[in-house]
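The residues of the chain are indexed from 1 along the displayed sequence. Basis for what follows: all heavy atoms, side chains included, without hydrogens, waters or symmetry-related copies.
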Amino acid sequence: MTTRKPLHTFHIPVMGLAYTIDSPIRVAKYGISSVISIMDDELIEKMNAFYSEKFNHPYKEITQKIHDYRAERITSYLNLVDKIVKEKFENFKTELSESKSALENYITMLSDKSGIKEGLQNFVDEGLAFKDSIKNYLEEHLYSGDIDVNIMTKLDKDNFINDEQLPIEFNDAHAALRGFANSTLESSVVLSAGMNPRLYSYFENFATFFPDTNNQLKKRITLKVSDFRSAMIQGNFLAKKGLWVSEYRIESGLNCGGHAFATEGYLLGPILEEFRDKKEQLIQSAHELMVKALVQKGLHVPDQPLDLKITVQGGVGTAEEHDFLLEKYNVDSVGWGSPFLLVPEATSVDKHTRALLAGAKEEDLYLSHISPLGIPFNTLRGTTNEKFKQKRIEDNKAGSSCPKRFLALSKEYEAKGTCSASKKFQDLKLSELAEQQETLSAEIFEKKKNGITEKACLCVGLANASYLENDIKIKGQAQGVIICPGPNMAYFDHEVSLSKMMQHINGKASVLGDENRPNLYVKELKMYLDYLKNEIESVSNEITAGQIKKWHAFKNNLISGIGYYEDLFSNNTFFEKTKKEILNQFEAYKKELIKIEIPELQLA
């Protein structure tokens, strides 16, 4: 397969439901790749109407009365985004060929590593007399960023018409995949939140995911993973079906935005090293399995393995960290998420929430338990959602009206499922708790009550920012805005332009508000240390042998990881100015870790 020389060494990952819902429309013309969440078809339909009007494209509403409306809405919006991006890209190329200032401005956004920066600079130096030459050069070397999409695999709720359950292909994630597969996009679907065998098997229904006779994939598969073993298992599962994983997107288990999937104490550095050292194993294993499957299916078989990228994201905040990850681990791209929430040209965030983000300090960003999925969730104190939710709790009206039901996954009370953030679910749980009140201490009762009522309506809260920014009417119960930045947000304290943020990433400027920001690896280690302490301290039931074994493994893996970092930072040319301080921090955290006492099993 032929590969294009990258214009940028970074990408913008998916953020929430709304924060990158239109990012490609905003940034793809500059060659920047970004990811749209395609889980909320209602939000997508509203954005389809909004952008159809804005760019004078015909719009026909797709109501819930239409068969397969969820997939149809997603296909329609993605096709619109594809058209708009192509139009904006053509206009951008024309602008660059006709305006010296536009060309100079774009050059300032490019890294010295960019494949076209030197060529464009030559045209500036020579003047714009060679207009046709510039056009030809741009046609050959400039391309728009990828319009990738994200499906959170766990959000695959069964759906019903009246009381009749629909076939599996109408489950939420299945319908979202179909919506992407039927679109005009030639890009990746980023699968996050772990393996869903039924969904993975559903890919076989779409020829667009198999290599064509030119060994090209019109639509690609990207897996967001947190360790090599998971990547190998998932990649081989798909390969046995003739499907190729084009990218493994490694994300820090805790130092990230949104849902945090803690590893068993495995830290990012050692994980990246394993991917670097075993990349060929990953490729060959999947290629052999894919070939067998394609032969059995009677489909075209590539004679060589297809391209495979390794990328990383989670907590990166300086050009030095960015370059270090690229050079030390040979990754193809580094994801920058949370800092882009302060770039109005790149993400969809309402003014109030953006101001809240800019003012956030370390203590304002925390790992919460507000997600109905029961997975730790990085969020921000002081959001409007938090205030609305607390008011309902105080008025004894805890819970959400649950209008969208994407997280109605609990089958505890009814076959159709209920969401643990809904009023219906919380009323039932609070009623059960009230019956136990006399047998519980006041402290335990309050703890259990808070555990029920702290769940928040992510479906609405993570979508509202886009409605507010674009002045789209919000119907139903007031939920406010939920935002899900990573802890890295604490060190960025003001709105910045897209150009300035790109210069920051490329090492040409700094937009950091707090220059005392801890190193990427130090911050992640501290989070894992706190996570282990909290896990041990928060156990209220009888401790099991399994938990004790898990904690010992977690602790040992952290100690091993610290040893890796001590060796790494002692023997590389990066971080020269801060190396001594970083090594001292590792030493201090190692002492703190060793002091953590893991309980012993109490025998009766």
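Salt bridge status for Glu443 with Lys448: absent, with no side-chain N to carboxylate O gap under 4.0 Å. Taking the charged nitrogens against the carboxylate oxygens, Lys351 and Glu495 have no contact shorter than 4.0 Å, which rules out a salt bridge. Remark: Lys424 engages Glu414 in a salt bridge, criterion side-chain N to carboxylate O under 4.0 Å. No salt bridge links Lys391 with Glu394; every basic N to acidic carboxylate O contact stays at or beyond 4.0 Å. A salt bridge is absent between Asp40 and Lys46: the closest approach of a Lys/Arg side-chain nitrogen to an acidic carboxylate oxygen does not fall below 4.0 angstrom. Ion pairing between Glu469 and Arg26 holds under the 4.0 Å rule for side-chain N and carboxylate O.
In this structure, Asn470 CG and Asp350 CG are separated by 10.5 Å, a value rounded to the nearest 0.5 Å. Atom-to-atom distance recorded for Lys523:NZ and Leu254:CG is 11.0 Å, nearest 0.5 angstrom.
When each of Glu362, Arg517, Lys361 is checked for a side-chain hydrogen bond (donor to acceptor under 3.5 Å, both in side chains) with Tyr491, only Glu362 meets the rule.
Residues Ile474 and Leu468 are in side-chain contact: their nearest non-hydrogen atoms beyond the backbone lie under 4.5 Å apart. Looking at heavy atoms from C-beta onward, Phe170 lies out of side-chain contact with Gln165 at the 4.5 angstrom threshold. Annotation: side chain of Ser230 is not in contact with side chain of Ile233 (no heavy-atom distance under 4.5 Å). You'll find the side chain of Val149 reaches within 4.5 Å of the side chain of Leu78, heavy atoms only. Residues Tyr528 and Thr263 have side chains in contact (heavy-atom distance under 4.5 Å, counting atoms from C-beta outward). By the 4.5 Å heavy-atom criterion applied to side chains, Pro376 and His259 are not counted as neighbours. Residues Lys423 and Ser400 are not in side-chain contact: their nearest non-hydrogen atoms beyond the backbone lie 4.5 Å or more apart. In this structure, Phe492 and Asn488 have side chains that are in contact, with non-hydrogen atoms separated by less than 4.5 Å.
Not counting sequence neighbours, the partners of Glu386 by the side-chain contact (heavy atoms from CB on, under 4.5 Å) test are Tyr366, Arg381, Thr383. Considering only residues two or more places apart in sequence or on other chains, Tyr565 meets the ring pair (Phe, Tyr, Trp, His ring centres under 6.0 Å) condition with Tyr521, Phe586.
Checking side-chain atoms of Thr153 against main-chain N and O of Met195 turns up no donor-acceptor pair under 3.5 Å. In this structure, the side chain of Ser201 engages the main chain of Pro197 through a donor-acceptor pair within 3.5 Å.
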query = Does the pair Asp172 and Asn159 meet the rule for a side-chain hydrogen bond (donor to acceptor under 3.5 Å, both in side chains), with working shown?
reply = CA-CA 8 Å; Asp172 286 350; Asn159 284 310; 2.8 Å; yes
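Between Phe275 and Tyr248, the angle of the ring planes lies from 30° to 60°, which puts this pair in the tilted group.
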